[in-house]
**Student:** 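Sharing a structure with you now.
Quick caveat, the model's predicted, so the values are computed rather than measured.
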Amino acid sequence: MRNFKEESELNVLNHSCAHLLAQAVKHLYPQAKFWVGPVVEEGFYYDIDLGDKSLTDEDIPKIESEMKKLAKDGKYIVREEISKSEALEKFKDDEYKLDLINRMDEEETVISCYTQGDFTDLCRGPHVPSTKELKNFKLVKFSGAYWKGDAKNKMLQRIYGVCFPTKEELENHLAELEEAKERDHRKLGKDLGIFMFADLVGKGLPMWLPNGFILRHTLVEYITEKELKLGYQHVMTPSLGNVDLYKTSGHWDHYKDDMFPKMELDNEAYVLRPMNCPHHMMIYKNFLHSYRDLPIRLAEIANDFRYEASGACCGIERTRAFTQNDSHIFCTPEQIEEEISGVIDLILDVYKDFGFENYKFRLSLRDKENTEKYFGNDELWEKSEKALRKILKARNVEYYEAEGEAAFYGPKIDVQVKSAIGHDVSLSTVQLDYQLPERFELEYINEEGKKERPVVIHRAILGSLDRFVAFLLEETKGILPVWLAPTQVYIIPVNDEYHLEYAKKIEEELKKQNFRVELDDRNEKLSYKMRESQMRKIPVTLILGDDEKEGNYISYRLFGSRETTRVEMAEFIDFLRK
């Protein structure tokens with residue numbers, strides 16, 4: 001999807017349309033007062049105080065109709081510059097505009113306003129010349145939004161919209177939005193029985209339903225098998241730790257605002273862990289290591305907890321409780337390039353298995369203008385960043401650099417994917433860390449019999465399993481491949497009285513072969529059962545009638561196809577395995 005914020009033409013057009021929205025709202029609801037109406041990546045919005053009025057679905061067409069009248073009228077949009085005192089007088093009855101004016105820099109003596117017909121709004125601009133250029137718009141949704149994003153403040157009405165230069169571009173975009181709705185993992189997760197949320201359990205705390213558990217379990221088996229073959233050793237550590245553990249690691253000073261509050265127990269303070277590296281540092285430290293032992297690759301499928309703001313939580317893409325496919329590689333400085341290159345190989349191998357193509361490598365560096373949020377010295381940071389840059393260039397991997405995206409203890413390589421509904425998310429990561437080995441005083445005995453510090457490589461391939469499933473659902477539109485599908489084969493007897501016994505025989509045989517099978521023996525019409533299979537996006541459906549029973553055949557239909565194929569049982573099992 002196009003980025004309204006970055007494309008200059010769309011930016012100006014949508015900011016102007018936000019003013020058109022405000023003018024229409026003011027006509028329909030004279031009591032309305034306005035906070036801000038910025039352009040964002042997906043279009044524009046305006047936060048509005050409508051007094052006691054709450055918007056309903058019926059209000060949006062009325063507002064659109066008024067906007068169309070105003071656009072057709074084609075009033076010129078005129079810029080005016082006034083002093084701060086004039087602005088305070090002009091907007092004296094609007095506490096929201098007064099707040100904006102009073103927060104402006106004292107040096108900002110000239111304030112600009114834009115007027116179109118009977119409506120004037122405070123704004124830096126720029127704008128299109130006339131409202132007649134704002135004909136191709138659509139209001140796409142509305143919601144509540146706290147003033148200044150603070151839950152202690154009043155709830156305002158936020159209306160979102162989009163505007164394009166042409167009708168064709170608008171229609172194409174609306175079609176993309178409809179497609180995105182169908183792909184939204186929150187909808188798919190509910191429709192397919194993958195996960196659920198409940199306010200009584202808590203915001204951002206997903207519960208995985210039986211179908212979701214099968215999906216997650218299959219992913220865990222998949223990545224664990226790959227890791228074990230590559231020499232990773234899996235461990236299990238507790239989901240909480242002593243606060244002193246996180247003070248040692250530095251997370252308490254640099255990350256505690258994103259952690260759940262500490263719990264006081266038996267004169268000790270504990271905290272739910274936001275990540276697993278401190279635990280893995282302690283496992284490494286539990287043994288004496290020689291250079292011959294390295295690299296040591298510790299891996300864990302670990303439950304972690306982060307105190308995300310409720311407004312930042314997004315389905316299972318961003319949650320307060322999640323599971324990471326995590327690992328820490330302890331190696332010598334000489335092994336860094338080979339180990340990180342091996343991690344990149346694993347990432348590419350996994351992405352090939354899933355058919356992921358729309359991704360980019362990002363070299364995430366520290367912000368050199370704001371170094372207080374990182375620890376360690378400049379020399380180590382330069383050394384780490386240089387090493388990662390060298391590896392990416394040696395691998396001939398296309399990448400871009402992003403300052404300020406590093407972890408507080410070191411730079412990293414992130415793999416950024418664009419989800420089917422337009423979200424830019426990090427799936428995989430590999431991070432180079434000289435700092436934690438120093439803080440935990442980790443050691444190994446080198447070839448000369450002297451103690452040395454190892455280097456730690458943090459890496460996550462599937463990343464958060466929750467986020468990975470969200471991305472996977474949106475990529476596939478919920479049409480999962482056979483090996484991942486919670487139900488792989490759906491069996492429908494044409495007539496329960498005559499064909500059920502044969503259907504049960506087929507079910508039993510397939511289960512013996514370790515396929516996930518469901519037999520629909522409900523007293524419903526064949527068409528109803530077929531529709532059920534399609535709605536649940538089950539990969540393979542068997543239709544068993546007289547011909548199948550008498551000839552000992554299987555007739556199957558793949559999801560989304562109207563073509564039915566008849567084969568013998570052995571051939572069908574071979575087909576499923578492939």
Side-chain angles (χ1 to χ4, degrees), residues 1-22 24-25 36-48 55-68 71 128 133-145 157-192 194 311-318 356-359 416-425 467 469-479 535 537 560:
M1 288 190 183
R2 295 170 69 175
N3 189 319
F4 291 77
K5 197 171 183 179
E6 291 182 358
E7 292 188 41
S8 57
E9 181 186 15
L10 282 183
N11 191 311
V12 172
L13 197 66
N14 279 264
H15 192 60
S16 302
C17 201
H19 282 226
L20 185 71
L21 164 64
V25 168
V36 289
V39 176
V40 289
E41 286 187 12
E42 61 272 20
F44 69 86
Y45 70 78
Y46 220 127
D47 284 348
I48 305 166
L55 289 173
T56 66
D57 290 334
E58 289 73 33
D59 292 311
I60 298 302
K62 295 177 186 176
I63 297 171
E64 285 184 330
S65 178
E66 185 64 22
M67 289 173 70
K68 287 175 183 175
V128 296
E133 296 187 32
L134 307 174
K135 294 176 181 177
N136 304 299
F137 66 85
K138 181 68 179 174
L139 301 183
V140 293
K141 62 180 178 178
F142 64 93
S143 65
Q157 311 280 308
R158 177 173 291 181
I159 304 176
Y160 291 86
V162 293
C163 188
F164 284 90
T166 66
K167 183 179 180 182
E168 182 183 11
E169 288 174 284
L170 175 63
E171 289 175 347
N172 289 341
H173 181 77
L174 294 177
E176 287 180 355
L177 289 181
E178 282 304 310
E179 173 73 6
K181 282 182 185 177
E182 292 302 310
R183 288 183 179 270
D184 192 322
H185 81 271
R186 291 165 292 189
K187 179 180 185 299
L188 290 168
K190 181 179 179 181
D191 293 346
L192 301 178
I194 304 293
C313 292
C314 178
I316 55 170
E317 184 180 296
R318 193 162 185 173
F356 295 164
E357 295 178 348
N358 187 18
Y359 59 87
Q416 300 298 115
V417 296
K418 182 73 77 172
S419 77
I421 64 171
H423 293 178
D424 188 35
V425 295
R467 180 177 292 176
V469 170
F471 179 73
L472 189 63
L473 288 173
E474 292 177 359
E475 275 292 291
T476 63
K477 210 173 180 179
I479 307 166
M535 287 176 62
K537 303 180 190 287

**Student:** Which pair of non-hydrogen atoms, one from Ala24 and one from Ile63, has the smallest distance, and what is that distance?
**Tutor:**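 Nearest heavy atoms, Ala24 then Ile63: CB-O, 3.9 Å.
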**Student:** Is any side-chain heavy atom of Lys5 less than 4.5 Å from a side-chain heavy atom of Val40?
**Tutor:**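 No, their side chains stay 4.5 Å or more apart.
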**Student:** When you look at CD of Glu41, are more than 12 heavy atoms from neighbouring residues, nucleotides or ligands closer to it than 6.0 Å?
**Tutor:**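 Check fails, neighbour count at 12 or below.
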**Student:** For residues Ile60 and Leu139, report the shortest heavy-atom separation together with the two atoms involved.
**Tutor:**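 So the two residues come closest at CG2-CB, 3.9 Å.
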**Student:** Looking at every non-hydrogen atom in both residues, tell me the closest pair between Gly315 and His185 and how far apart they are.
**Tutor:**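 Gly315 and His185 have their closest heavy atoms at CA-NE2, 3.5 Å.
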**Student:** Given the rule in the side chain to side chain contact (heavy atoms under 4.5 Å, CB included) test, do Val425 and Gln416 qualify, once you have shown the distances and angles that lead to the verdict?
**Tutor:** CA-CA 6 Å; Val425 295; Gln416 300 298 115; 6.0 Å; no
**Student:** Report the C-alpha distance between Leu13 and Phe137 in whole Å, list the side-chain angles of each, state the deciding distance to 0.1 Å, and finish with yes or no for side chain to side chain contact (heavy atoms under 4.5 Å, CB included).
**Tutor:** CA-CA 10 Å; Leu13 197 66; Phe137 66 85; over 6 Å; no
**Student:** Are Lys62 and Glu58 close enough for a salt bridge, meaning some N to O gap below 4.0 Å?
**Tutor:**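 So Lys62 does not pair with Glu58 through a salt bridge.
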**Student:** Could you check whether any side-chain heavy atom of Lys181 comes within less than 4.5 Å of a side-chain heavy atom of Lys187, counting everything from C-beta outward?
**Tutor:**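 No, too far: nothing below the 4.5 Å cut-off.
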**Student:** One pair to check against salt bridge (Lys or Arg N to Asp or Glu O under 4.0 Å): Arg183 and Glu475. What are the steps and the verdict?
**Tutor:** CA-CA 8 Å; Arg183 288 183 179 270; Glu475 275 292 291; 6.0 Å; no
**Student:** Look at the side chain of Asn14 and the backbone N and O of Cys163, then say whether any donor-acceptor pair between them is shorter than 3.5 Å.
**Tutor:**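 Yes, the answer is positive, given that a donor and an acceptor are paired below the 3.5 Å cut-off.
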**Student:** Does any part of the side chain of Asp57, heavy atoms only, come nearer than 4.5 Å to the side chain of Phe142, both counted from C-beta?
**Tutor:**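 When only atoms from C-beta onward are counted, Asp57 and Phe142 do touch, with a gap below 4.5 Å.
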**Student:** Rounded to the nearest 0.5 Å, what separation is found between the CG atom of Leu55 and the CZ atom of Arg158?
**Tutor:**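 The distance works out to 13.0 Å.
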**Student:** What's the separation between atom CG in Asp184 and atom CD in Glu474, rounded to the nearest 0.5 Å?
**Tutor:**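 Result: 5.5 Å between the selected atoms.
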**Student:** State whether the number of non-hydrogen atoms from other residues, nucleotides or ligands found under 6.0 Å of Glu9 atom CD is greater than 12.
**Tutor:**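 No, the 6.0 Å shell around CD holds no more than 12 heavy atoms from other groups.
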**Student:** Keeping Asp59 on the side-chain end and Thr56 on the backbone end, is there a donor-acceptor pair under 3.5 Å?
**Tutor:**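 Yes; at least one donor-acceptor contact below 3.5 Å.
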**Student:** To the nearest 0.5 Å, tell me how far Lys138 NZ sits from Leu177 CG.
**Tutor:**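 Interatomic distance, Lys138 NZ to Leu177 CG, rounded to 0.5 Å: 11.0 Å.
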**Student:** Identify the heavy atoms of Leu134 and Ala71 that sit nearest to each other, and give their distance.
**Tutor:**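 That would be O-CB, 3.9 Å.
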**Student:** To the closest 0.5 Å, what do you measure between SG (Cys17) and CD (Glu133)?
**Tutor:**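 Atom-to-atom, Cys17:SG and Glu133:CD are 12.0 Å apart.
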**Student:** Show, in sequence, the C-alpha distance, side-chain angles and deciding distance for Leu472 and Phe356, and conclude whether the side chain to side chain contact (heavy atoms under 4.5 Å, CB included) test is met.
**Tutor:** CA-CA 9 Å; Leu472 189 63; Phe356 295 164; 4.0 Å; yes
**Student:** Any chance you could measure Glu176, atom CD, to Glu171, atom CD, to the nearest 0.5 Å?
**Tutor:**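 That separation rounds to 12.5 Å.
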**Student:** Looking at every heavy atom in both Lys537 and Leu188, which two are closest together, and how far apart are they?
**Tutor:**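 Of all heavy-atom pairs spanning Lys537 and Leu188, the closest is CE-CD2, 3.9 Å.
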**Student:** What pairs with Tyr45 under ring pair (Phe, Tyr, Trp, His ring centres under 6.0 Å), at least two apart in sequence or on another chain?
**Tutor:**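 If we apply the ring pair (Phe, Tyr, Trp, His ring centres under 6.0 Å) test to Tyr45, skipping adjacent residues, the hits are Tyr160.
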**Student:** Below 4.0 angstrom, N of the basic side chain to O of the carboxylate: do Glu317 and Arg186 qualify?
**Tutor:**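 Judged by the 4.0 Å cut-off on N to carboxylate O distance, Glu317 and Arg186 do not form a salt bridge.
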**Student:** Under 3.5 Å, is there a donor-acceptor pair linking the side chains of Asn11 and Ser8?
**Tutor:**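 Asn11 vs Ser8: no donor-acceptor pair found between side chains.
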**Student:** Passes side chain to side chain contact (heavy atoms under 4.5 Å, CB included), Val12 versus Val128? Steps please.
**Tutor:** CA-CA 7 Å; Val12 172; Val128 296; 4.0 Å; yes
**Student:** Using the six-membered ring wherever Trp is involved, compare the ring planes of Phe4 and Phe164 and label them parallel, tilted or perpendicular (cut-offs 30° and 60°).
**Tutor:**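 Ring orientation of Phe4 relative to Phe164: perpendicular.
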**Student:** Report the distance from atom OH of Tyr46 to atom NE2 of His15, rounding to the nearest 0.5 Å.
**Tutor:**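 Between atom OH of Tyr46 and atom NE2 of His15 there are 7.5 Å.
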**Student:** Which pair of heavy atoms, one from Val25 and one from Ile159, lies closest together, and at what distance?
**Tutor:**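 Nearest pair, atom of Val25 first, then Ile159: CG2-CD1, 4.4 Å.
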**Student:** Counting C-beta onward and ignoring hydrogens, is there a side-chain heavy-atom pair between Lys477 and Glu179 closer than 4.5 Å?
**Tutor:**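 Contact flag for Lys477/Glu179 side chains = yes.
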